2 protein chains.
Amino acid sequence: MGDGVSTTCGEDALCEADGPDVMRSVIERIGDKWSLLLIRTLQDGPARFTELLRATPGISRRMLTLTLRNLERDGLITREAFAEIPPRVEYSMTQLGLTLNEPVRGLMQWAAANQIAVVANRAAYDDREVAGG
Amino acid sequence: MGDGVSTTCGEDALCEADGPDVMRSVIERIGDKWSLLLIRTLQDGPARFTELLRATPGISRRMLTLTLRNLERDGLITREAFAEIPPRVEYSMTQLGLTLNEPVRGLMQWAAANQIAVVANRAAYDDREVAGG
DNA sequence: CAGGATCCCACCAGATACTG
DNA sequence: CAGTATCTGGTGGGATCCTG
């Protein structure tokens, strides 16, 4: 806990000096296994815990809890618990989180457009290795 | 080894059914700790092993080797070895890799513009927790 | 329903030493 | 210079059981 990214350069400038650091800070948090998927789902509107669980095939309850907490910690989503029986908790994007929509969409579109090519490249590469590269 | 993403939908369409799968496939490969940083560096032009090592603070030789190999396997970069003494190896983006430029830039710009807000949110969240939230 | 606590394995990745 | 090979510890994350 407690990283401490150096914030010695302006807010809206791409300062070359710690460009890599900036990327590391965003990749390690936004780019982990589940965050982007949850962000993408929540862009469509608020959702409850179990909804997110089913909308994210392969995620465990544990990882959903942890990932949501990290996103909340970073101010990308909010958590609202209703004191009802049975309990209900809703997660929704913050203003900051919503600004992630465009970059995330860009990456998803690239993935959708090029996944087939990537898979083909992988197969070709593996063939070459097996052949005795 | 050997995933096998289902490719039952069109190449240029965002098919809702396996949207999450598409994202997983791109996140696990492109979104790991080092790939995006290397992609970003190589967008500026070809580079040698040691250049990439120094341009990527914190990476080990081992991880650089492995990450480069994965990127080559996916067809995002090419590796060219020159039979010289001392040896020289140059890595450069492929056409496919170059198309990643825009989405990656988008994410980097978001990171640069909002990292300070995120760090502040984190600190505020941690304060609340410590206070006894 | 929405988590918390605990156990435990698998894999990631750093350190080190060696090679073409 | 540009890797490879091996060992090892740390930790991410699943499985399981328990709570409000």
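A, B, ... follow the sequence lines: proteins, then strands. Residue 1 opens every chain. Quick caveat: nothing in here was measured; it's all calculated off a predicted structure.
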Round to the nearest Å and state the distance from [X] atom [atom1] to [N] atom [atom2].
X	N	atom1	atom2	result
A/Arg62	C/dG3	CZ	P	15 Å
A/Leu53	D/dG14	CG	C1'	13 Å
B/Glu72	D/dA2	CD	P	15 Å
B/Ile59	D/dG3	CD1	P	12 Å
B/Trp34	C/dA13	CH2	C1'	10 Å
A/Glu90	C/dC1	CD	P	15 Å
A/Glu51	C/dC1	CD	P	12 Å
B/Phe49	C/dG20	CZ	P	18 Å

Out of D/dA2, D/dT4, D/dG13, which nucleotide sits closest to the side chain of A/Met63?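 Closest nucleotide among those given: D/dG13.
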
Restricting to non-hydrogen atoms, name the atom on B/Phe49 and the atom on B/Arg61 that form the minimum distance, rounded to 0.1 Å. CZ-O, 3.9 Å

Any side-chain N or O of [X] under 4.0 Å from OP1/OP2 of [N]?
X	N	answer
B/Thr50	D/dA2	yes
B/Arg48	D/dC1	no
B/Ser60	C/dG14	yes

For A/Arg61 and A/Leu66, take the nucleotide of DNA chain D holding the closest heavy atom to each; which residue's nucleotide lies nearer the 5' end?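 Going by which nucleotide is closer to the 5' end, it is A/Leu66.
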
Along DNA chain D (nearest heavy atom to each residue), the more 5'-positioned of B/Pro86 and A/Pro87: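 It is B/Pro86 whose nearest nucleotide is closer to the 5' end.
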
Check whether B/Thr94 reaches the backbone of B/Gly75 with its side chain - one donor and one acceptor, N or O, closer than 3.5 Å.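 At least one qualifying donor-acceptor pair exists.
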
Has A/Gln43 got a side-chain atom pairing as donor or acceptor with A/Arg40's backbone, closer than 3.5 angstrom? no

Is there side-chain contact between A/Asp74 and B/Arg122, with heavy atoms separated by less than 4.5 Å? yes

For B/Phe82, answer base if it contacts any base atom (sugar-phosphate contacts may also be present), sugar-phosphate if it contacts only those atoms, and nothing otherwise; contact means non-hydrogen atoms under 4.0 Å.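 The residue B/Phe82 makes no contact with any strand.
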
Taking B/Tyr125 as the starting point, is it possible to reach A/Leu76 by hopping between hydrophobic residues whose side chains are less than 4.5 Å apart?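 They do not share one cluster, since no chain of ILVMFWY contacts under 4.5 Å joins A/Leu76 to B/Tyr125.
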
